[in-house]
Number of protein chains: 2
Amino acid sequence: MTSKQEFIEKLRNSSLRPTKQRINICEVLFNRDKTFHFTINDLFNLIKDKTGEKVSLATVYNTVDAFLKKGYLKEIPINSNQTYFDTNVTDHHHFFDVKEEKLIDIKNEDVGPIEIQKSIPGKKIKSVEVLVKLED
Amino acid sequence: MTSKQEFIEKLRNSSLRPTKQRINICEVLFNRDKTFHFTINDLFNLIKDKTGEKVSLATVYNTVDAFLKKGYLKEIPINSNQTYFDTNVTDHHHFFDVKEEKLIDIKNEDVGPIEIQKSIPGKKIKSVEVLVKLED
DNA sequence: AATCTTCTTTAGAATAATTATAAACAACGA
DNA sequence: TCGTTGTTTATAATTATTCTAAAGAAGATT
């Protein structure tokens, strides 16, 4: 069980005051067993459903952005009309079921080490992400 | 030198009549030595510059979509406000220079084989793409 | 607790990419 | 050439995201 204190800590770490709205957002994002893949719209709707309180879209966008910058959320590189996020911020990869528009985590171990045998002068590698598209 | 005949063939294969506008689009897309990474907006502007003729945005979108479906172009999975495409339709991967918003090809050999040790019942793998984000 | 300052929320407007529409036009086959 | 069908285009519509500014809430100070 994730406690309200942890949410408040996460918020403070992200330079955000712990408000009712933001705690509701945390409740939906972080009070879970499994990793959570979502779009802003998913999140927006789930907040209403789970907490019974409405949080404005702008607040949802702002809070997600702050968590992203702080590293409490990850953006998933994928081409879609909407941006997908992930509560799993460890190194890992994804299946994307194109037909059902659904993401599935792939553990790092299930992909094995990826050695990039090419480098760009003056640049260093920030992340390596594998996207595996699925079809029927 | 890529010939107009090849463009016409590509268009016919994509169930598109070879019109002046579409041939201009092909000229910009396929008359090149190296791979070409672009957004619709890039392409739209280059057509004006290179051919001196304007093609409407709608036509650019429609033609790119048809080539995508036919496999003459690839969409690059990346999170950006705009969608990126690639004229290199062979299996390969990408660097993305986050700061400069620029894509660089990585040959398949420079990444090595990627073995996905996980499978989803009823689904098969359509593609495996690696995105390497670069920072300074 | 009262007050002040600063941050936050919110609805709605603004922006930007993409898709849809429907009228004028061009390619193709007879 | 003519008729059919596909195409182009400007513009409107849609959708995700960002911006704005006014009202409200949190935190610090007394």
Side-chain angles (χ1 to χ4, degrees), chain A residues 4-5 7-29 37-48 51-70 73 75-85 101, chain B residues 4-5 7-29 37-48 51-70 73 75-85 101:
Chain A
K4 191 165 161 180
Q5 273 318 306
F7 300 156
I8 291 177
E9 199 178 316
K10 272 195 158 74
L11 286 165
R12 290 230 183 272
N13 283 337
S14 311
S15 321
L16 296 177
R17 285 186 185 166
T19 63
K20 184 159 55 81
Q21 290 87 340
R22 286 172 179 160
I23 288 171
N24 283 340
I25 293 173
C26 287
E27 202 71 57
V28 176
L29 285 179
H37 300 126
F38 65 96
T39 65
I40 293 290
N41 210 48
D42 294 338
L43 181 53
F44 178 71
N45 290 316
L46 280 173
I47 293 164
K48 272 186 295 195
T51 71
E53 297 179 300
K54 191 204 164 199
V55 174
S56 78
L57 250 189
T59 299
V60 178
Y61 271 103
N62 291 337
T63 307
V64 166
D65 281 351
F67 283 151
L68 259 191
K69 283 209 190 77
K70 191 62 191 179
L73 290 175
E75 207 174 328
I76 303 174
I78 197 179
N79 272 118
S80 170
N81 46 333
Q82 292 178 91
T83 305
Y84 278 82
F85 303 93
E101 290 210 326
Chain B
K4 191 166 160 182
Q5 272 318 307
F7 301 156
I8 291 178
E9 199 179 317
K10 271 193 159 73
L11 287 165
R12 290 228 183 274
N13 283 337
S14 310
S15 319
L16 297 176
R17 285 186 184 168
T19 63
K20 182 159 56 80
Q21 289 87 341
R22 286 171 179 160
I23 289 172
N24 283 340
I25 294 174
C26 287
E27 202 72 53
V28 175
L29 285 178
H37 301 125
F38 64 97
T39 65
I40 293 290
N41 211 47
D42 294 338
L43 181 53
F44 178 70
N45 290 316
L46 280 172
I47 293 164
K48 271 185 296 196
T51 69
E53 299 180 299
K54 192 202 163 201
V55 174
S56 80
L57 250 188
T59 299
V60 177
Y61 271 104
N62 290 336
T63 306
V64 166
D65 281 351
F67 282 150
L68 259 189
K69 284 210 190 77
K70 191 62 191 181
L73 289 175
E75 208 174 328
I76 302 174
I78 196 177
N79 272 117
S80 170
N81 46 335
Q82 293 178 90
T83 305
Y84 278 82
F85 302 92
E101 290 210 327

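Naming convention: chains lettered A, B, ... in sequence-line order (proteins, then strands); numbering from 1 in each chain.
Side-chain contact, A:T59 with A:N62: no donor N or O sits under 3.5 Å from an acceptor N or O.
Between the CD atom of B:E53 and the P atom of C:dA26 there is a distance of 13 Å, given to the nearest Å. Computed from coordinates, the B:N79 CG to D:dA16 C1' distance equals 13 Å when rounded to whole Å. To the nearest angstrom, C1' of C:dA16 lies 16 Å from CD of A:Q82. Between B:R22 atom CZ and D:dT9 atom P there is a gap of 10 Å when expressed in whole angstrom units. The distance between atom CZ of B:F38 and atom C1' of C:dT18, rounded to the nearest whole Å, is 15 Å. Atom-to-atom, CG of A:L16 to C1' of C:dC7 comes out at 10 Å; the value is rounded to the nearest Å. Rounded to whole Å, atom P of D:dG6 lies 13 Å from atom CZ of B:R12. Atom pair A:I47:CD1 and C:dT9:P shows a separation of 11 Å (rounding to whole Å applied).
Looking at every heavy atom in both residues, A:Q82 comes nearest to A:N41 through OE1-CB, 3.4 Å. Residue A:P77 comes nearest to B:I78 through the heavy atom pair CB-CA, 4.2 Å, listed as atom of the first residue, atom of the second, then distance. For B:V55 against B:F44, the heavy-atom pair with the smallest separation is O-CE1, 3.0 Å.
In this structure, of D:dA10, C:dT6, C:dT18, it is C:dT18 that holds the atom nearest to the side chain of B:I40. For A:Y61, counting side-chain heavy atoms from C-beta on, the closest listed nucleotide (D:dT5, C:dT10, D:dT18) is D:dT18. Considering only side-chain atoms of A:K54, the nucleotide from C:dC7, C:dA11, D:dT8 that sits closest is C:dA11.
Residues B:L57 and B:K20 both approach DNA chain C. Their nearest nucleotides, taken by heavy-atom distance, put B:L57 toward the 5′ side. Taking for each of A:T19 and B:D65 the nucleotide of DNA chain C with the nearest heavy atom, the 5'-most of the two is the partner of A:T19.
At the heavy-atom level, A:T83 lies under 4.0 Å from the strands shown only through sugar-phosphate atoms. Base contact: B:T59 has a heavy atom under 4.0 Å from a base atom.
Between B:Q21 and the phosphate of C:dA26, there is no side-chain N or O to OP1/OP2 separation shorter than 4.0 Å.
One N or O on the side chain of B:T51 and one on the backbone of B:E53 form a donor-acceptor pair closer than 3.5 Å.
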